[in-house]
Amino acid sequence: MSVAIPETLEEALQVAAADPEVQVLAGGTDLMVEVNFGYRRPASVCALHRIAELHAQRQDDGEVVIGAMTTYHDMERGVIAAALPGLAQAGRTVGSPQIRNAGTVGGNLATASPAGDTLPVLMALDSTVVVASVAGRREVPISDFLVGPKRNALGPGELIVEVRVPHLRGPQEFLKVGARNAMVIAVCSLALVVDLERRRVACALGSVGPTVLRAFEAEERAAQEIDWQTGRLGDPAFAPEFGRLVAAAARPIDDHRSTAGYRRHAIGVLAERALRRSA
Amino acid sequence: MTGTGSISDIEPRLGYSLRVNGRDHEVDGAWVGDSLLRVLRDRLGLSGSKNACEQGECGSCSVRLDGRLVCSCLVLAATAVGREITTIEGIAPEDGLTDVQDAMVTEGAVQCGFCTPGLVMAIHDLLDRNPAPTALETREAISGNLCRCTGYGRIFAAVDSTVASRRDAAS
Ligand SMILES: Cc1cc2nc3c(=O)[nH]c(=O)nc-3n(C[C@H](O)[C@H](O)[C@H](O)COP(=O)(O)OP(=O)(O)OC[C@H]3O[C@@H](n4cnc5c(N)ncnc54)[C@H](O)[C@@H]3O)c2cc1C
């Protein structure tokens with residue numbers, strides 16, 4: 001039983017290789033709830049907060065590179081607020097100031113909840129998750145990283161190092177439904193990205209499926225309906241149709257937070273609203 | 001533990017040292033999974049931080065960790081080694097109150113008092129970052145602190161009166 005607080009990624013990877021059972025700890029906002037309630041009793045812990053390179057955000061050749069220890073607080077300002085407004089919006093909706101000061105993008109990815117608020121945005125932006133072990137690094141497209149409800153593609157001894165997110169020109173929206181504006185896990189959520197350069201629309205949905213879903217058919221139709229000279233819809237009457245297409249792509253279930261029927265309705269409303277704001 | 005360069009190992013039942021309110025405190029016999037809240041209350045006798053939900057939703061255990069407001073129930077105590085921890089016990093002068101605490105009393109923003117330490121921490125954090133918050137900014141800043149008695153009106157009044165008295169003092 002031990003607690004490791006390494007200063008470098010290299011040391012952390014060695015700890016993870018030596019002890020595949022070690023419990024990796026980032027902001028603790030998911031893990032400590034499980035520990036406090038006795039669902040998990042870690043024998044050994046490797047805390048990542050001292051590793052400077054995991055805290056960095058930078059712009060790099062058409063991409064924004066976000067270190068795994070980037071907090072929601074960090075997303076509301078700096079490079080991310082400037083270059084990835086959809087991610088800044090999503091971060092702003094998470095929990096409370098206390099949670100946003102601690103919770104990280106790496107933890108949100110690793111937890112892989114269908115309700116994780118950064119995930120629809122990272123998915124709509126076709127982000128790449130960079131993971132590492134002592135054997136080296138691999139780049140995993142986010143659609144392959146999120147393999148199921150609370151299941152990710154990390155192998156034994158692997159850590160999330162960073163997320164690489166394309167820096168696009170065009171509007172981005174993140175919208176979320178819950179009982180309050182603060183401190184809510186999404187009943188449903190939606191990210192919409194308009195890529196003015198490549199003339200594409202991307203739309204990803206949270207909390208309406210086993211993992212984050214893309215609404216591909218709705219995306220393609222929207223790209224046809226936008227007048228790319230102006231970036232606006234040729235006919236604004238397409239917006240409700242977009243809502244219907246997105247609702248049809250959802251695969252919601254009933255649970256303690258909401259019903260499948262309400263989720264399907266609400267995701268359509270969010271889609272229509274996001275498109276009206278963006279195009 | 002605070003040295004640089006190598007991996008720090010702590011034998012979980014052997015103890016470690018935490019820097020709380022500017023003083024080093026020895027922790028003995030802690031479990032590896034103990035939260036900072038537990039260690040503060042049960043091992044260091046600092047019971048000002050309150051324990052209610054143990055899942056980050058009520059804010060009554062709010063402390064500052066390296067200057068950032070966090071829920072101490074979600075901090076693994078053994079990983080807070082080498083960091084500056086400030087609790088409600090550490091913010092007021094000896095035998096006195098901070099201006100926020102004073103305003104909470106004057107405005108009647110305290111009923112059962114359970115949420116008060118966390119709210120005081122959150123309001124100080126807000127006013128340090130933003131000396132003149134809008135009503136919405138204040139609401140957002142205390143959105144992670146639940147009060148089931150006051151309905152929040154008197155808490156907002158205490159924020160407003162602190163802002164006003166700081167402004168008067170500055171001019
Ligand atoms: C009160 C409260 C409100 C919340 N509200 C929201 C919300 O509105 N929206 C939302 O999306 N989430 C919410 N959450 C959940 C949580 O805050 C987020 O999922 C957060 O991003 C988790 O990050 P963390 O750094 O705290 O992870 P931790 O709890 O430290 O870790 C979570 C898991 O990820 C693993 N992990 C972390 N970092 C890495 C890494 N770099 N490599 C490999 N594995 C890693 C850990 O081993 C652990 O299994 C809330 C939680 C609480 C307690």
Side-chain angles (χ1 to χ4, degrees), chain A residues 1-8 10-15 18-19 22-52 71 73-74 76 92-103 107 180-185, chain B residues 1-14 16 30-38 51 53-59 61-83 118 121-122 125-126 129 136 139-146:
Chain A
M1 298 222 298
S2 69
V3 175
I5 315 178
E7 311 256 342
T8 67
E10 206 42 55
E11 287 171 297
L13 296 177
Q14 278 161 18
V15 172
D19 177 6
V22 74
Q23 179 61 63
V24 171
L25 176 73
T29 60
D30 277 321
L31 181 66
M32 283 304 290
V33 176
E34 301 203 346
V35 172
N36 289 342
F37 283 75
Y39 302 142
R40 256 201 251 195
R41 291 187 71 85
S44 56
V45 174
C46 179
L48 305 181
H49 65 269
R50 279 196 198 153
I51 304 174
T71 63
H73 171 94
D74 300 328
E76 291 176 50
R92 181 85 182 268
T93 73
V94 170
S96 63
Q98 289 89 330
I99 301 300
R100 295 197 288 277
N101 282 340
R180 283 175 67 190
N181 282 337
M183 203 58 97
V184 285
I185 303 301
Chain B
M1 267 310 304
T2 55
T4 54
S6 69
I7 297 167
S8 317
D9 275 301
I10 304 160
E11 288 305 320
R13 299 283 169 188
L14 286 186
Y16 44 85
W31 171 55
V32 65
D34 276 340
S35 70
L36 178 59
L37 176 62
R38 262 185 210 212
N51 183 5
C53 77
E54 293 202 285
Q55 52 184 315
E57 293 198 0
C58 75
C61 68
S62 298
V63 301
R64 278 173 149 185
L65 187 64
D66 289 336
R68 287 277 178 84
L69 189 75
V70 296
C71 292
S72 60
C73 73
L74 300 181
V75 176
L76 191 77
T79 67
V81 170
R83 309 178 81 178
M121 295 303 288
D125 182 66
L126 166 68
R129 287 180 286 113
L136 205 59
R139 277 171 189 271
E140 185 175 17
I142 65 165
S143 62
N145 293 81
L146 294 182

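Below, chains carry the letters A, B, ... as their sequence lines are ordered, and counting in each starts from 1. Treat the numbers as computed from the prediction; the structure is a model and nothing was measured.
Atom CZ of B:R68 sits about 5.5 Å away from atom OG1 of A:T71, to the nearest 0.5 Å. Separating the CG atom in B:L74 from the CD atom in A:Q98 is a distance of 9.5 Å, to the nearest 0.5 Å. One distance of note links CD of B:E54 with CG of A:N36; it measures 4.5 Å at 0.5 Å rounding. Considering OG of A:S96 and CG of B:L146, their distance stands at 9.5 Å, rounded to 0.5 Å.
Taking B:D125 as the reference, B:R64, B:R129 meet the salt bridge (charged side-chain N to carboxylate O under 4.0 Å, His left out) condition, with sequence neighbours excluded.
Side-chain contact between B:E57 and A:I99: absent, with no pair of heavy atoms (C-beta onward) separated by less than 4.5 Å. Contact annotation: the side chain of B:L76 approaches that of A:M32 to within less than 4.5 Å [non-hydrogen atoms, C-beta and beyond].
At a 4.5 Å heavy-atom cutoff, the contact between B:V75 and chain A is made by backbone atoms alone. With a threshold of 4.5 angstrom between heavy atoms, B:C53 approaches chain A through N, CA, C or O but not through any side-chain atom. Both the backbone and the side chain of B:S35 come within less than 4.5 Å of a heavy atom in chain A. With a 4.5 Å cut-off on non-hydrogen atoms, A:R180 touches chain B through its side chain but not through its backbone.
Other residues, nucleotides and ligands place more than 12 heavy atoms under 6.0 Å from the CG atom of B:D66. More than 12 heavy atoms of other residues, nucleotides or ligands shown are found within 6.0 angstrom of CZ on A:F37.
Shortest non-hydrogen contact noted between B:T79 and A:H49 is O-CE1, 3.1 Å. Across every non-hydrogen atom of A:V3 and B:A78, the tightest pair is CG2-CB, 3.9 Å. The two residues A:S2 and B:V32 come nearest to each other via the heavy atoms O-CG2, 4.3 Å.
Comparing A:R92, A:E34, A:R40, A:Q23 by heavy-atom pairs within less than 4.5 Å of chain B, the highest count is held by A:R92. When A:G28, A:P97, A:A47 are compared by the number of non-hydrogen pairs under 4.5 Å with chain B, A:P97 comes out ahead.
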